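Everything quoted here is computed from the prediction, not taken from an experiment.
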Amino acid sequence: MGSTVSIASALLLTWIVFLLLPEYKARLAAESVTLLRSFAVVATLAIFAIVSFRVELRLNPRRWLAHLALVAMILVAVWFFWPQRYGG
């Protein structure tokens, strides 16, 4: 949970830095789109991790559903960031 929140925060702050560098706007335009997509995936993963953690703390009998959703989101993130998607 902490790592996903950290990574999402770092991606968001990087995007803010991109906004503060208008002289490089054309150069960073393509990277900005990828950065925002990455932020969206990691932020969604962070939300799933937070919910799963809170459900676990409450010892909810159906917490396995939250854990299953988290595992599914992790698989989505792995698919999104897999190197072959970018020709690497």
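- Side-chain contact check for T34 versus E31: every heavy-atom pair is 4.5 Å or farther apart.
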Below 3.5 Å, can you tabulate the donor-acceptor pairs from side chains in residues 56-63 to any protein atom, sequence neighbours excluded?
from, atom 1, to, atom 2, distance (Å)
E56, OE1, R63, NE, 3.3
E56, OE1, H67, NE2, 2.7
N60, OD1, R62, N, 2.9

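- Side chains of V5 and V42 form no contact here, defined as non-hydrogen atoms less than 4.5 Å apart.
- Criterion: ILVMFWY side-chain heavy atoms under 4.5 Å apart, direct or through other members. Under it, V55 and V71 are not part of a common hydrophobic cluster.
- Distance check: L75 CG to L70 CG gives 9.5 Å after rounding to the nearest 0.5 Å.
- In this structure, CG in L20 is found 10.0 Å from CH2 in W15, a value given to the nearest 0.5 Å.
- Y24 and L13 fall within the same hydrophobic cluster, defined by Ile, Leu, Val, Met, Phe, Trp and Tyr side-chain heavy atoms under 4.5 Å apart, directly or through other members.
- For the atom pair CG (L45) and CZ (F80), the distance works out to 12.0 Å, reported to the nearest 0.5 Å.
- A continuous path of Ile, Leu, Val, Met, Phe, Trp and Tyr side chains, each step under 4.5 Å between heavy atoms, connects I74 with I7, placing both in one hydrophobic cluster.
- Under a hydrophobic-cluster definition in which Ile, Leu, Val, Met, Phe, Trp and Tyr are linked whenever side-chain heavy atoms come within less than 4.5 Å, directly or via other members, F18 and V41 are assigned to the same cluster.
- Separating the CG atom in L36 from the CG atom in L12 is a distance of 9.0 Å, to the nearest 0.5 Å.
- Here the CZ atom belonging to F39 is positioned 8.0 Å from the OG atom belonging to S9, to the nearest 0.5 angstrom.
- Nearest heavy-atom pair across T4 and A46 is OG1-CA, 3.3 Å.
- Looking at every heavy atom in both residues, A69 comes nearest to F48 through O-CD2, 3.5 Å.
- Within a 6.0 Å sphere centred on CZ of F53, heavy atoms belonging to other residues, nucleotides or ligands number 12 at most.
- Linking ILVMFWY side-chain heavy atoms closer than 4.5 Å, directly or via other members, places I50 and V76 in two distinct hydrophobic clusters.
- Looking only at side-chain heavy atoms (C-beta outward), L28 and L35 stay at 4.5 Å or farther from each other.
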